[in-house]
Each structure stands twice: as C-alpha cells, then as structure tokens.
Protein chains: 2
Amino acid sequence: MTGARSVDAEVGVCCPAVLGSPLSEEEAADVAKMFAALADPARLRLLGLLADAEAGEVCACDLVGPLGRSQPTVSHHLKVLHESGLVEREKRGTWVWYRVVPERVEALRAALLPRDGRR
Amino acid sequence: MTGARSVDAEVGVCCPAVLGSPLSEEEAADVAKMFAALADPARLRLLGLLADAEAGEVCACDLVGPLGRSQPTVSHHLKVLHESGLVEREKRGTWVWYRVVPERVEALRAALLPRDGRR
DNA sequence: TGAACATATCGATGAATGTCAATGTCCTGC
DNA sequence: GCAGGACATTGACATTCATCGATATGTTCA
C-alpha cells in the first residue's frame, strides 16, 4: 500500500447531495466513505474534542487520555478522519496538531439537504 | 437510559450536537449509530431514491430493481434505515411503503453544527 | 551520539457487517 | 381453503473493522 494518496489534496469541498437525487454507485460510495468516518463513537468524540478546543486545534497527545483508548487506536482513528478530509493535521516538532476542516463538515451537511422545498 | 441529556431513546427528533461539545461515550454511540446507517452506498442510494420520489414514498417492490441487489439484501438495508429513524414504513395490503423522515435528517444536519460562530 | 518521548505502522484477533439462497409469514384473490 | 405474490427472517460465508501489544520512525535535548 503506497500511502501516497493524500486525500485532502484530491477531495474537493463539495459533494453530491444525498437527498437531491438518486446517487450513482460511484457517488454513493464516495459520500458513504465520509459518513463512515463518523460511524464510530471514538471518532465522533475525537471530532467533538477538536471542535471544542479553544485554540481550534488539539495535540494528538491530548486526545489519548480523554478518549480512553490506546495510543495506536487513537492514531488509527485520527488517520481515518484525516483520510476522509474532515480533519487536517500539522506536524510541529515532536507533536502533531489536529483540527476540524469546517468546509468539509459543511459539505456533509449540504449532502443532507433535499433538492427542493419538498417534504 | 441514564443520560439526562436526552439522547432521546432512538426515535426522537433531537440529538446531541457532535461539534457542540465533546460527547460522552454513550451519546457518541447513539449518534454514531445514525451515521452508520448512512455509511453504506446501498443505503445512501435507497435514501436518495426515497427522497426523489414524486409521491414522497416508494413501495419496497420498486427499490429492488434500481438497487441491483437481492430482495433480502434490500429488505435488510431498509430495516437498518428504519431502525435509525431516518425512514418510516407503512404497510398497505401486500405492499410496504417507505418514506424519509425529514425531521430526522434535519436533526442529523443539526448535529454537525458548531456550537458558536467559531471557525 | 545516545536517551527519552511522540506518533505511526505492523500483526493478530475477535466482533460486526454486507450479501445471497432458502425459508417463513402475511395478505389477496380465486 | 388454497395458490401465488410481497416482504421479512434465518443461516452461512467472506470481508471489513476496532482494538491492542510490539515495534518502527522521527524529533528534541543533553
């Protein structure tokens, strides 16, 4: 597995609207991957911790404790979130800082919008 | 349910804001279950088909074909969507009609809202 | 250079999940 | 009642995934 495929370089901010029209198999798989990143309690809590941070970012070292999982597990979940584009990472010295990508979250919300005012 | 924070059993309309504050393990598990319902291409397409229906509802018999999966598989996915509260079902005679629950979708969108205007 | 620390990756394992064929349940019409 | 159709459930199988311990990589500092 060449890990060369950095997602946030390739994933645009916009995504097809789930409720706007029937999705093709391909589109559905793409959006599903984003939702899958949120389909785990640990990752939801991580996202909440990041969003709640005063500084807008959190050091990975400060996420292991509150999550109550091992360091490799937290690292794994952060990787999933990062690959989904919902989170970005920045290495500063020994530490790695993570923060939410608001545009990506907003894109997710937009995907849940119906096409018109129909209910 | 021990949560005073009304994660609201399962079928309630409201749900805790993922980005509003760090979620407890219990809350996170509950919300994660909702996102998990969307973390599959087949179910996303089902939801799209329902949302796109002119009549606002679709007979299960009209979902098997477009999805390209077996009838038991479609039935399984519809069950997952229904149990998440995103979809409701109504049996009329031999057929079962499914439709999106807009309030639940909106609740999901709300869960992705940051607590304040912070970015 | 080496010790200490932060993070990522690897390998293994148990659990959850998507899928289908076979079967069961319920309804309608004869 | 009986036959046939619509939908759900069951059982089996392969795949994916969350988790952890062990280990590797990379950085700082003495």
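The structure displayed is predicted, hence computed values, not measured ones. Every chain is numbered from 1 and lettered A, B, ... according to where its sequence line falls, protein lines coming before strand lines.
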[X], nearest nucleotide to its side chain (from [options]):
{"X": "C61(B)", "options": "dG21(D), dA22(C), dC7(D)", "answer": "dC7(D)"}
{"X": "V96(A)", "options": "dT19(C), dT7(C), dA18(D)", "answer": "dT7(C)"}
{"X": "K79(B)", "options": "dT9(D), dG21(D), dT19(C)", "answer": "dT9(D)"}
{"X": "T73(A)", "options": "dA8(C), dG18(C), dT19(D)", "answer": "dT19(D)"}
{"X": "K91(A)", "options": "dG26(D), dG18(C), dA8(C)", "answer": "dG26(D)"}

Looking at [X], I'd like to know whether one of its side-chain N or O atoms comes within less than 4.0 Å of OP1 or OP2 on [N].
{"X": "R89(A)", "N": "dT7(C)", "answer": "no"}
{"X": "T94(A)", "N": "dA6(C)", "answer": "no"}
{"X": "R43(A)", "N": "dA18(D)", "answer": "yes"}
{"X": "Y98(A)", "N": "dA8(C)", "answer": "yes"}

Would you say L38(B) and L108(B) make side-chain contact, with heavy atoms under 4.5 Å? yes
First encountered from the 5' end of DNA chain D, between W95(B) and H76(B): W95(B)
Nucleotide dC17(D), atom P - distance to CG of L38(A) in whole Å: 15 Å
Atom CD of E90(B) and atom C1' of dA6(D): how far apart are they, to the nearest Å? 16 Å
Treating Ile, Leu, Val, Met, Phe, Trp and Tyr as nodes and any side-chain heavy-atom pair under 4.5 angstrom as an edge, say whether Y98(A) and V80(A) lie in one connected cluster. no
Per the atom types in the model, does the base of dA8(D) pair as donor or acceptor with the side chain of Q71(B) at under 3.5 Å? yes
So that I can tick it off, tell me whether R92(B) and E57(B) are bridged by a salt bridge, with the cut-off set at under 4.0 angstrom between side-chain N and carboxylate O. yes
Determine whether the side chains of R89(A) and H82(A) contain a donor N or O and an acceptor N or O closer than 3.5 Å. no
When all nucleic acid strands are considered with a 4.0 Å heavy-atom cut-off, which category describes R92(A): base, sugar-phosphate, or nothing? nothing
Run the side chain to side chain contact (heavy atoms under 4.5 Å, CB included) check on L50(B) and V87(B) step by step: do they pass? CA-CA 9 Å; L50(B) 294 184; V87(B) 154; 3.6 Å; yes
